[in-house]
Amino acid sequence: MERALMSELWKWKDASNRKPLILWGARQVGKTWLMKEFGRCAYKNTVYISFYNNKRMASVFERDYDCKRIISAIETEMRAEINPEDTILLFDEVQEAPRVVESLKYFCEEAREYSVIAAGSLLGVSIHEGVSFPVGKVDELHLYPMSFREFLRAVGRERLADYCSDYKSSEVADFSELYSELLKEYYCVGGMPEVVASYVKDRDFVAVREIQNSILSQYEGDFGKHIDARQLPRLRMVWNSIPIQLAKENRKFFFGQIKKGARMSEFELAIQWLTDAGLLYKVNKVTAPSMPLKAYVDFAAFKLFMLDVGLLAAQSELDIESMLHGNRVYTEFKGALTEQYVLQQLISDTAYTPYYYSGEKSTYETDFLIQRKTDIIPLEVKAEDNLKSRSLKAYCKKFSPAKAFRISTANYRKQDWMENIPLWSVCGL
């Protein structure tokens with residue numbers, strides 16, 4: 001399957017000032033496959049080392065950070081010849097071997113001629129647990145679940161994938177019904193590569209849900225292995241509360257919905273762990289829609305989303321038949337899935353960091369805010385083609401933004417104070 005990040009890996013390979021690369025991403029998003037496929041396509045030889053349950057290879061990095069010695073030891077252990085001109089070194093599951101991460105600094109300073117990529121499914125957690133991160137000595141890329149555009153390519157709809165980034169095009173309008181049907185499929189399947197591969201092969205939604213539930217079980221299995229036993233119940237409570245939190249009309253995270261009388265201080269570490277692991281996305285509220293948004297973050301107010309819309313559907317036990325054909329139960333949760341979907345596309349398919357803003361006494365709320373150059377742009381998300389936008393209109397009346405976008409199932413249209421963008425064209429932002 002085609003992954004958009006492959007083109008970024010080629011750019012990294014050809015860069016004159018290339019450093020060792022860290023590939024970030026949650027478990028099961030396809031990091032290992034992407035690294036190996038890139039190695040196969042771009043280099044004559046690939047030396048792949050997984051440090052999961054591999055103390056022998058981890059010990060190579062324990063002695064010191066002499067890159068020549070490390071390379072020689074890897075050649076001996078792996079029975080391989082490592083030539084900088086045609087060989088790539090792939091270090092996987094590096095959270096299990098912290099000194100591998102630290103060694104990247106020395107590969108940058110003393111052996112930059114070697115192509116090195118490191119990845120780990122819980123690397124973000126490890127960094128916060130005391131692993132010395134080589135700041136300024138590595139390049140970084142983030143891999144997420146497959147975007148809607150990648151999903152379209154996977155199911156053989158390459159032309160639709162090419163069209164959708166231009167939301168003003170006649171093709172996007174002409175094929176709106178087809179996009180809408182494929183978007184329903186994407187809500188069910190999501191973007192986890194194993195799930196998408198199964199769907200492409202068999203078109204079996206029962207198998208899709210089984211794999212999704214297996215992935216969710218594996219994530220929960222990681223909780224017990226990698227977090228302090230005292231924090232484990234709180235982490236599970238946060239994780240299990242996400243469907244409930246997103247089902248509300250106001251999707252701000254309320255600790256009282258985890259348990260009666262719950263406080264932020266009790267659950268901060270659990271939320272931090274889940275976001276560091278890449279399993280949840282945190283969207284912070286800002287106290288003012290002003291430049292730069294990051295300077296106005298209100299750390300006490302935020303929304304939490306799952307890493308994948310298909311996993312959210314599985315976690316919520318939504319009936320796939322209802323999602324495809326619609327009924328009252330699904331309609332009530334459709335807004336949550338749609339906001340999850342838009343957030344996911346913003347993160348994976350654009351360069352923006354999403355925030356949100358609400359007015360005094362919550363009389364109105366933007367679903368998302370993005371910062372584009374010198375503009376602060378509000379985004380309102382609509383699950384269907386209901387084009388009433390009271391909150392967005394109230395925001396625009398008060399702050400007069402240069403641009404405002406409503407994202408819905410309707411085709412592109414421009415009004416005096418806002419533009420409507422089809423849901424399938426979020427990548428075009």
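All of these numbers come straight from a predicted model, not from anything done at the bench. All residue numbers in this chain count up from 1 along the given sequence.
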Cation-pi, [Y] ring and [X] (6.0 angstrom, 45 degrees):
| X | Y | value |
| --- | --- | --- |
| Lys303 | Phe368 | yes |
| Lys13 | Tyr43 | yes |
| Lys36 | Tyr48 | yes |
| Lys105 | Tyr65 | no |

Given side chains that start at C-beta, do those of [X] and [Y] come closer than 4.5 Å, heavy atoms only?
| X | Y | answer |
| --- | --- | --- |
| Ile215 | Met192 | yes |
| Leu216 | Trp239 | yes |
| Leu369 | Ile376 | yes |
| Pro401 | Pro378 | yes |
| Val116 | Leu89 | yes |
| Met78 | Ile49 | yes |
| Glu109 | Cys67 | no |
| Leu178 | Arg157 | yes |

Atom pairs and distances, donor-acceptor, side-chain atoms in residues 159-172, under 3.5 Å, two or more places apart:
residue: Asp162; atom: OD1; partner: Arg153; partner atom: NH1; Å: 3.2
residue: Asp162; atom: OD1; partner: Arg153; partner atom: NH2; Å: 2.7
residue: Asp166; atom: OD1; partner: Lys168; partner atom: N; Å: 3.3
residue: Ser169; atom: OG; partner: Asp166; partner atom: O; Å: 3.0
residue: Ser169; atom: OG; partner: Val172; partner atom: N; Å: 3.3

Measure across [X] and [Y] and return the closest heavy-atom pair with its distance rounded to 0.1 Å.
| X | Y | value |
| --- | --- | --- |
| Val155 | Arg203 | O-NH2, 3.8 Å |
| Ile211 | Glu194 | CG2-CD, 3.7 Å |
| Leu307 | Tyr281 | O-OH, 3.3 Å |
| Leu182 | Phe151 | O-CE2, 3.9 Å |
| Pro145 | Asp308 | CB-OD1, 3.8 Å |
| Met146 | Pro193 | SD-CA, 4.1 Å |

Inset, instruction - Please lay out, stage by stage, how Arg406 and Lys382 fare under the test side chain to side chain contact (heavy atoms under 4.5 Å, CB included). - result: CA-CA 7 Å; Arg406 177 180 58 217; Lys382 294 290 187 181; 4.1 Å; yes
Legend entry - Criterion side chain to side chain contact (heavy atoms under 4.5 Å, CB included) on Arg251 and Tyr356, from CA distance to verdict: CA-CA 11 Å; Arg251 303 193 216 287; Tyr356 79 98; over 6 Å; no
Rounded to the nearest 0.5 Å, what separation is found between the [atom1] atom of [X] and the [atom2] atom of [Y]?
| X | Y | atom1 | atom2 | result |
| --- | --- | --- | --- | --- |
| Asp92 | Lys31 | CG | NZ | 7.0 Å |
| Ile407 | Leu379 | CD1 | CG | 4.5 Å |
| Glu37 | Met6 | CD | CE | 5.0 Å |
| Phe148 | Tyr187 | CZ | OH | 9.0 Å |
| Leu429 | Ile377 | CG | CD1 | 7.5 Å |

Would you indicate whether [X], at its atom [atom1], is surrounded by more than 12 heavy atoms from other residues, nucleotides or ligands within a distance under 6.0 Å?
| X | atom1 | answer |
| --- | --- | --- |
| Glu177 | CD | no |
| Glu2 | CD | no |
| Lys294 | NZ | no |
| Glu113 | CD | yes |
| Phe254 | CZ | yes |
| Glu317 | CD | no |

Inset, instruction - Before giving the answer on side chain to side chain contact (heavy atoms under 4.5 Å, CB included), spell out for Ile258 and Phe255 the whole-Å C-alpha distance, their side-chain angles and the decisive distance to 0.1 Å. - result: CA-CA 5 Å; Ile258 300 178; Phe255 290 92; 4.1 Å; yes
Inset, instruction - Using the six-membered ring wherever Trp is involved, compare the ring planes of Tyr179 and Trp424 and label them parallel, tilted or perpendicular (cut-offs 30° and 60°). - result: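 Geometry flag for Trp424 against Tyr179: parallel rings.
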Legend entry - Aromatic ring pairing Tyr144/His142, orientation class (parallel under 30°, perpendicular over 60°, tilted between): parallel
Without swapping roles, check the side chain of [X] against the backbone of [Y] for a donor-acceptor pair under 3.5 Å.
| X | Y | result |
| --- | --- | --- |
| Gln245 | Gln257 | no |
| Gln212 | Val189 | yes |
| Asp139 | Leu21 | no |
| Ser180 | Ser176 | no |
| Arg63 | Val60 | no |
| Tyr219 | Arg27 | yes |
| Gln345 | Val426 | no |
| Arg69 | Asp64 | yes |
| Ser408 | Ala410 | yes |
| Glu140 | Trp24 | no |

Legend entry - Partner of Tyr114 by side-chain contact (heavy atoms from CB on, under 4.5 Å), out of Thr87, Asn83, Ile71: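 The side-chain contact (heavy atoms from CB on, under 4.5 Å) with Tyr114 is passed solely by Ile71 among Thr87, Asn83, Ile71.
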Inset, instruction - For side-chain hydrogen bond (donor to acceptor under 3.5 Å, both in side chains), just list the numbers for Gln344 and Ser147, CA-CA rounded to whole Å, side-chain angles, deciding distance to a tenth of an Å, and then say yes or no. - result: CA-CA 7 Å; Gln344 202 171 320; Ser147 67; over 6 Å; no
Inset, instruction - Determine, using ring centers only, whether Phe91 and Phe61 are less than 6.0 Å apart. - result: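 Yes, the ring centres sit under 6.0 Å apart.
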Legend entry - Phe253/Phe302 aromatic ring centres below 6.0 Å: yes
Legend entry - Any pair counted as salt bridge (Lys or Arg N to Asp or Glu O under 4.0 Å), so long as it reaches residues 229-247, sequence neighbours left out: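 Every salt bridge (Lys or Arg N to Asp or Glu O under 4.0 Å) pair that includes a residue of residues 229-247, provided the two are not neighbours, is Asp228-Arg230.
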Inset, instruction - In plain terms, say whether Asp375 and Lys403 are close enough for a salt bridge, that is, a side-chain N and a carboxylate O under 4.0 Å apart. - result: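 So Asp375 does not pair with Lys403 through a salt bridge.
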Legend entry - Set of side-chain contact (heavy atoms from CB on, under 4.5 Å) partners for Lys44, sequence neighbours left out: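 Per chain and number, Lys44 pairs via side-chain contact (heavy atoms from CB on, under 4.5 Å) with Asp86.
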Inset, instruction - Start with the C-alpha distance between Lys19 and Lys137, add both sets of side-chain angles, then the distance that settles side chain to side chain contact (heavy atoms under 4.5 Å, CB included), and finish with yes or no. - result: CA-CA 7 Å; Lys19 303 172 185 176; Lys137 304 297 182 181; 5.7 Å; no
Inset, instruction - Would you please say whether a donor-acceptor pair under 3.5 Å links the side chains of Gln218 and Ser214? - result: yes
